[in-house]
**Q** 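Quick one: structure below, then a few questions.
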Amino acid sequence: MAKDKTLYTCRECGGTNPKWLGKCPHCGAWNSLDEGVAEPSAGSGKNRFQSLARTQPVATLSEIEATEVDRVPTGQEELDRVLGGGIVAGGVVLIGGDPGIGKSTLLLQALDALSTRLKVLYVTGEESGAQVALRSRRLGLAGTKVRVLAEIQLERIQAALESEQPAFCVIDSIQTLYSDQLASAPGSVAQVRECAAQLTRVAKSTGVSIVLVGHVTKEGALAGPRVLEHIVDTVLYFEGDTHSSFRLVRAIKNRFGAVNEIGVFAMTERGLKGVSNPSAIFLSTHGDPVPGSCVMVTLEGTRPLLVELQALVDAGGPSPRRLSVGLDRDRLAMLLAVLHRHAGVACFDQDVFVNAVGGVRIGEPAADLAVLLAIQSSLRGRPLPRGFVAFGEVGLAGEVRPAPRGLERLKEAAKLGFSVAVVPKANAPKKPIEGLTIHPVERIEQAIDLVRNL
Ligand code: TYD
Ligand code: MG
């Protein structure tokens, strides 16, 4: 096959050049040219993503029939929950996560469950067929009908997709693939983008559902260009602490469902098992309450989770450190300023560390109040009372704002045996909740005063 012409495209201005240059001749940006395949000029205005939405006559929106997409459940209930009910035919899912977190394991289990009903193909670029076989034995998948291809060249994978005609295909991983059309090495921006775009085209034109496994860089972003996240329909992230057995799968983007759902798994000797009632797994098991610990109720998707937040405040040097694991560090700095200005609690000469137990990441601002109470508790060296929970967003003016669906959060806390709650005033329920004493607060200083006297 004749090699298609390559073309270098500027990331900044989109200008193209037939050769690589250090400086873009169009906009003058440095080191911004990426290799790509030149589109054949035949056909008028042929767009490289043309097949993503096939050309149709112009129509009135209200007259277009809204067909519900067909979903195939993967057999992994927790995975289906994040996907919005199952895999969509022709859908492309990108799943990212740290090495060793369980991406290959989960997908092999899902493939096996699907293989009883559908034709499935597992393309492995990282492991040999024998290694995959070893894993499948370990998972107890003897006699599985999953078809396996150990291959990293895109064109051969495309040929295999054509001859095998699977309904569902996993590419493990997109960073190992390379296309003949490009000179750059596998894993480079150009290769990753080109391979993903080609596979997406195949998925849209043939209806095969494709799952791409992606690596995560040290900074925590999916390696490869951001454009990868734009090309695919769904982006899932695997998170969790590799030292603990619990794993979360979170949707970052989903064209076919909600993005706030999480799936919870536990890594066992025989692969990943879904955890259908995860509300208490992120609590550490102290005998007696300890200073610097506060439990919050976070609401991810439809299920409330109780998560323990820990803070350690310690005398720091001339430039004290603020470190956070699982929580936003900029937000921590902001909360410390609010704590000082509005509640008079100063930490400017102290190192402050905060951590969400179990490797869970909390993005919602409802964690603010619990973070501040944990910090205050550590600073004073006094634990919060036994069975204590708190949640609520804290604003720059020192106000405590309500969290969405407060009643559900409180009910879950009561169910798990918590007995004291500090919550935003607007979240205080009208009817009392059995076993739970609720203290509504409007301002951060009020909350700090209140726990001093509890
Ligand atoms: P893996 O799926 O290979 O991770 P990734 O593809 O994300 O890099 O995860 C493998 C890890 O999980 C490895 O450290 C071993 C562990 N593991 C189990 O604990 N139980 C099992 O049944 C399997 C298959 C793996
Ligand atoms: Mg793997």
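Values below: all heavy atoms of this structure, side chains included; hydrogens, waters and symmetry mates excluded. Both ligands and their constituent atoms are indexed starting at 1 by order of listing. All of these numbers come straight from a predicted model, not from anything done at the bench.
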**Q** Answer yes when Glu164 and Arg147 have at least one side-chain N-carboxylate O distance shorter than 4.0 Å, and no when they do not.
**A**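 Between Arg147 and Glu164 there is a salt bridge, with a charged N closer than 4.0 Å to a carboxylate O.
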**Q** How would you list all residue pairs meeting salt bridge (charged side-chain N to carboxylate O under 4.0 Å, His left out) that involve residues 408-423, not counting sequence neighbours?
**A**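 Of all non-adjacent pairs touching residues 408-423, those that pass salt bridge (charged side-chain N to carboxylate O under 4.0 Å, His left out) are Glu364-Arg409, Arg405-Glu408, Glu412-Lys415.
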**Q** Closer than 2.8 Å to the Mg ion (ligand 2), what protein N/O/S atoms do you find?
**A**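 Near the Mg ion (ligand 2), the protein supplies Ser104 OG.
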**Q** Using every non-hydrogen atom in the two residues, find where Val249 and Val82 come nearest and quote the distance to one decimal.
**A**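 Looking at all heavy atoms of both residues, the shortest contact is O-CG1, 3.4 Å.
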**Q** Are side-chain heavy atoms of Glu35 and Gln191 found at a separation under 4.5 Å?
**A**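 Heavy-atom side-chain distance check fails, nothing below 4.5 Å.
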**Q** If the threshold is 4.0 Å, N to carboxylate O, is there a salt bridge linking Arg321 and Asp314?
**A**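 No.
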**Q** Please report the shortest heavy-atom distance between Arg322 and Gln350, naming the atom on each side.
**A**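 That closest heavy-atom pairing would be NH1-O, 2.8 Å.
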**Q** Please give me the minimum heavy-atom distance between Asp288 and Arg386, naming the atom from each residue.
**A**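 Taking every non-hydrogen atom into account, OD1-NH2, 2.7 Å.
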**Q** Students should find this: residues with any non-hydrogen atom under 4.0 Å from ligand 1. What is the answer?
**A**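 Ligand 1 pocket, heavy atoms under 4.0 Å: Asp98, Pro99, Gly100, Ile101, Gly102, Lys103, Ser104, Thr105, Arg135, Arg138, Leu139, Met267, Thr268, Glu269, Arg270, Gly271.
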**Q** Whether the side chain of Asn427 engages the backbone of Leu407 through a donor-acceptor N/O pair (distance < 3.5 Å, no angle test) should be reported.
**A**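 No, the answer is negative, given that no donor and acceptor are paired below the 3.5 Å cut-off.
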**Q** Among residues at least two apart in sequence or on other chains, which ones pass side-chain hydrogen bond (donor to acceptor under 3.5 Å, both in side chains) with Gln109?
**A**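 Per chain and number, Gln109 pairs via side-chain hydrogen bond (donor to acceptor under 3.5 Å, both in side chains) with no residue.
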